[in-house]
Amino acid sequence: MSTRAFWTLAAVALLVRLAVLATNFSHPQELVTVPDSGSYLKCGASLAAHGGIVGDDGRPAWGRPPGYPAFLALTFVTGLAAPDRLAGALVLQAIVSALAVALAARAASVLGGRSAGLLAGAILVLEPSGISYSGLVLSETVYAFALMAAVIAGWRWLTGPGLANLAWFALLIALLPLIRPVALYLPWLLLPIVAWSAPRPLRLKAALLFLAIALLPSAAWSGRNWAYFGSPFFDQTGPLGKAIFARLVEARAVPEVQGEGTIWTGNSEPWQRYYSEKGPLPTPQAMDRQASYFRETLLKHPVAAFVEWAYTGATMMAAPDTWLHSQLTGHRIEFEAGGAARLRWLLGTGPLLPLILFGMAVSLGGALLLPVFAWSALEDAPPLRWFRILLATVIVYHVILSSFIRYQAERYRVPIIPCLAIVLAVGALVLVTAARRRQVD
């Protein structure tokens, strides 16, 4: 694909996102924040004002990892936006989302040629969750862009295995956990790819350099938490999410246990929202209790844990985008539990129904075609083979870890939508090519 084609895709994607954003801001009350947005905005304002994440007393606070708050702080410092004036930050986020479309098209063209690149780009221009989440004060859009940039940097390393290219790849991987903690363990999954794809004389040096760069920022953030709060946990939401998952496992394994209805009330149990902030234990001990409760529950109910995890993953991949309709109409309609309620919600989206179904087809189609995509690596030359394995590893890793957080539905698949679109485009073309070959034979 030509450079012009990539920029054209990015420009069209940006126009679509800006059109939705403008429509959203034309309503009496724009829909750009969710409950989590408040903590991101508070941390971003703190970084902009104090150069660090601090509380009202001026002392260091747990807060969010600094990646996405730093993005917001940049818009606050430059005057592009403010905590109570978010349009500028969301315009910048729309640009970031559009650039992720171009990067995904580039990756798809590497793997499947010009047709795959154009197809992946066209998919992402219209994929509804990529559009809607670019207009929300959440970290998913920035993370998706950084992840695609890391994938492209990985390709540069595979085709030019010098230490400078490896350092850029490792640096982008290192930034990911600072945006979303889900990437905390990703360097260890990518280490074998780095080691085995490196030239034989460089394998040990490449592996050590990659780990040193990829792990340093996360280690520094954990060290900061240890120094100030006496706990090495990367963030507070991780232990809480695991404890909530464990409670749902208990409710599945023991019918007498009340599950989801007790999550958001009170603070006396490890699965409750404010257990580590306002609960009976100091924060470090509370987080330790949440983590141990998760481990103990999974060991006690392994079958129920697997069923809950599989259900969560299937729900995450199959759930429709629930925000685009709200942003275009100005009315937030909650996506209720239960098959009949969800079907009514879908039918209530009216003219947007085909687009929302298209978004579901992208995530499900990408997941279903992943085996075909990965199997095709056997026919590739080494750089392409490793690139395909790298992309498949990124997707599988994120699906596995994100499936421990049920209540976020489609939100947790948004960061890998560009990767799934690549798999869908490349895998579909592989199947079409194979079908044509059978017809010729």
Side-chain angles (χ1 to χ4, degrees), residues 8-21 23-24 31 94 97-98 100-105 107-109 112 115-136 138 140-141 144-145 148 313-329 332-333 335 339 341-370 372-373 395 398-399 402 408-432:
T8 300
L9 284 169
V12 175
L14 178 58
L15 287 174
V16 171
R17 283 150 177 76
L18 290 179
V20 172
L21 186 61
T23 302
N24 191 5
L31 298 170
S97 179
V101 172
L103 291 176
S109 67
S115 297
L118 289 173
L119 180 57
I123 288 171
L124 290 171
V125 164
L126 294 175
E127 197 282 321
S129 61
I131 299 170
S132 65
Y133 274 79
S134 70
L136 293 173
L138 290 172
E140 277 73 16
T141 297
F145 168 76
M148 286 312 309
T315 301
M316 177 180 66
M317 300 305 291
D321 174 77
T322 60
W323 274 102
L324 186 60
H325 177 265
S326 300
Q327 291 169 337
L328 290 175
T329 63
R332 179 65 175 159
I333 303 174
F335 191 57
R342 294 187 176 192
L343 181 59
R344 287 194 300 271
W345 184 93
L346 276 171
L347 294 176
T349 59
L352 283 178
L353 178 59
L355 188 61
I356 292 173
L357 293 177
F358 169 73
M360 297 168 67
V362 171
S363 57
L364 286 172
L368 292 174
L369 285 177
L370 189 58
V372 174
F373 176 85
I395 293 172
H398 282 85
V399 171
S402 299
Q408 297 291 357
E410 84 275 11
R411 177 181 167 185
Y412 273 35
R413 75 160 185 259
V414 171
I416 58 167
I417 285 291
C419 298
L420 291 169
I422 295 169
V423 171
L424 179 61
V426 175
L429 291 176
V430 167
L431 292 179
V432 169

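Residue numbers count from 1 along this sequence.
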Where is the tightest heavy-atom contact between Val372 and Gly427, given as atom of each residue plus distance?
CG1-O, 4.3 Å
What pairs with Leu328 under side chain to side chain contact (heavy atoms under 4.5 Å, CB included), at least two apart in sequence or on another chain?
Val20, Thr23, Leu324, Leu352
Point-to-point distance, once rounded to the nearest 0.5 Å, from CG of Leu364 to CG of Leu369
11.0 Å
So OG of Ser132 and CG of Leu31: to nearest 0.5 Å the spacing works out to 11.5 Å
In terms of heavy-atom contacts, Ala116 and Ala425 come closest through O-CB, 3.7 Å
All heavy atoms of Ile422 vs all of Ala107, minimum pair found to be CD1-CB, 3.7 Å
Quick check: does any side chain N or O of Arg17 sit under 3.5 Å from a backbone N or O of Ala94, one acting as donor and the other as acceptor?
no
Rounded at 0.5 Å granularity, tell me how far CE in Met317 sits from CG in Leu420.
4.5 Å
Residues 118-127 side chain polar contacts: donor-acceptor under 3.5 Å, at least two apart:
residue, atom, partner, partner atom, Å
Glu127, OE1, Ser129, N, 3.2
Glu127, OE1, Ser129, OG, 2.8
Glu127, OE1, Gly130, N, 2.7
Glu127, OE2, Ser129, N, 3.3
Glu127, OE2, Ser129, OG, 2.7

For the side chain of Ser363 and the backbone of Met360, is there at least one donor-acceptor N/O pair under 3.5 Å apart?
yes
Tell me, with the steps shown, if Leu103 and Phe145 meet side chain to side chain contact (heavy atoms under 4.5 Å, CB included).
CA-CA 8 Å; Leu103 291 176; Phe145 168 76; 3.7 Å; yes
My understanding is that only residues two or more places apart in sequence, or in another chain, count here; which of them pass side chain to side chain contact (heavy atoms under 4.5 Å, CB included) with Ala144?
Pro418
Please tell me if the side chains of Val101 and Met148 come closer than 4.5 Å, counting only heavy atoms from C-beta onward.
no
Shortest non-hydrogen contact from Glu140 toward Arg411:
OE2-NE, 2.7 Å
Determine whether Asp321 and Ile131 satisfy the following criterion, side chain to side chain contact (heavy atoms under 4.5 Å, CB included), listing intermediate values before the conclusion.
CA-CA 10 Å; Asp321 174 77; Ile131 299 170; over 6 Å; no
For Leu353 against Leu346, the heavy-atom pair lying closest together
CD1-O, 3.6 Å
Quick one: are Trp323 and Leu138 in side-chain contact, heavy atoms under 4.5 Å?
no
Supply the atom-to-atom distance Gln327 CD to Thr322 OG1, rounded to the nearest 0.5 angstrom.
9.5 Å
How long is the span from the CZ atom in Phe373 to the CD1 atom in Ile395, to the nearest 0.5 Å?
6.5 Å
Nearest heavy-atom neighbours spanning His325 and Thr349
CD2-CA, 3.7 Å
